[in-house]
**Student:** 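Below: one structure in structure tokens.
These numbers come from a predicted model, not from an experiment. Counting convention: from 1, in listed order, for ligands and their atoms alike.
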Amino acid sequence: LFALTILGSNSAIPAYGRNPTAQVLQTDDQNFLIDCGEGTQMQLARHKVKRSRISRIFISHLHGDHYFGLIGLLTSMDLMNRTQALHIHAPAELENILQVQMRASGTTMRYPLHFHPLPGDGCIVDEQGIEVHCFPVQHRIPCWGFLFTEKKKPRKVIPARAGSYDIPPQFYEQLQWGKDYVTAKGTIVPNDEVTEAARPPRRYAYCADTLYDEALVEIVRGVDLLYHEATYLKNQEDKAALRYHSTTVQAAQIAQKAAVGQLVIGHFSAKYEHIEPFLEEASVIFPNTMLAIEGICIQIRQEKDT
Ligand SMILES: [Zn+2]
Ligand SMILES: [Zn+2]
């Protein structure tokens with residue numbers, strides 16, 4: 001399982017039934033919450049995402065539309081008797097903000113809450129099955145994107161073939177990691193004779209709120225799914241630049257230059273009632289585009305052979 005559920009897709013102000021930014025990346029054994037705009041916990045309930053499976057929360061920046069839902073969610077987790085640890089990866093100042101909120105309300109979380117300030121860039125999570133990197137994006141205040149990468153899976157041993165070379169089962173683990181087998185007589189059995197490749201690791205990149213920035217191209221090159229904001233339609237390019245946001249066309253250009261598998265665009269400005277034109281404009285440049293419609297769940301697949 002490697003799937004993205006959209007919980008909020010709007011920028012700044014909730015409008016036309018759209019909520020501020022939040023997404024959940026679901027893996028086999030945990031959920032990662034990415035940004036937590038106001039209303040996120042209601043959206044989790046509405047779209048049946050288990051909050052108990054959320055192990056880590058990533059906050060891209062401290063504009064309210066990306067974290068105003070956080071204290072509510074954290075408090076509810078405590079009220080619901082959460083016991084397992086929760087990790088928050090966020091700009092350093094958020095730790096003080098949370099402490100002020102908790103102190104003023106006399107709240108202490110009874111579950112272990114670990115705060116990890118974001119470094120400039122680099123690996124921030126390295127655990128079984130997955131790695132997460134953060135990278136800076138260009139916005140009015142410090143802002144980060146996140147790159148989620150599945151870990152390389154071991155190769156699969158084909159027992160019938162391994163058996164035909166009399167390879168002892170004790171050696172299978174080494175076969176899984178690509179080692180060739182050498183028989184007692186010194187004959188080499190090439191690894192790919194007796195194993196098959198596992199599915200290549202999948203990757204998802206979340207580019208938060210950002211100006212059009214070609215520096216992102218190398219960072220997100222070839223990912224299976226790219227989320228890039230598209231706050232405005234293409235005729236608002238000047239306004240987008242002024243406010244450190246991007247347009248449909250700019251999001252699609254990043255996707256195209258980076259040769260990603262699929263693009264999802266969101267963070268729609270509250271001034272637009274209808275968002276279909278966003279899809280029309282982006283698709284002209286990058287056909288495999290979809291809108292971040294709340295409630296959709298995107299199964300992240302390898303769309304291309306890389
Ligand atoms: Zn925003
Ligand atoms: Zn912002």
**Student:** Looking only at N, O or S atoms, which one in Asp65 sits nearest to the Zn ion (ligand 1)?
**Tutor:** OD2
**Student:** Salt bridge (Lys or Arg N to Asp or Glu O under 4.0 Å) for Glu294 and Arg46? Distances and angles first, verdict last.
**Tutor:** CA-CA 10 Å; Glu294 292 171 18; Arg46 178 172 304 143; 5.7 Å; no
**Student:** Glu150 and salt bridge (Lys or Arg N to Asp or Glu O under 4.0 Å): which single residue from Arg301, Arg199, Arg203 fits?
**Tutor:**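 Option passing the salt bridge (Lys or Arg N to Asp or Glu O under 4.0 Å) with Glu150: Arg199.
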**Student:** Just to verify, which of Arg243, Lys239, His245, Glu237 counts as forming a side-chain hydrogen bond (donor to acceptor under 3.5 Å, both in side chains) with Tyr232?
**Tutor:** Arg243
**Student:** Please note down the angle at the Zn ion (ligand 2) between NE2 of His61 and OD2 of Asp209, to the nearest 10°.
**Tutor:**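 Seen from the Zn ion (ligand 2), OD2 and NE2 are separated by roughly 90°.
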**Student:** Relative to the Zn ion (ligand 2), which of the N, O or S atoms in His63 is the closest?
**Tutor:** ND1
**Student:** Test ring pair (Phe, Tyr, Trp, His ring centres under 6.0 Å) on Phe2 and Tyr204 and set out the steps.
**Tutor:** CA-CA 9 Å; Phe2 201 57; Tyr204 169 55; 7.7 Å; no
**Student:** Could you tell me whether the Zn ion (ligand 2) has an N, O or S atom of Cys143 under 2.8 Å away?
**Tutor:** no
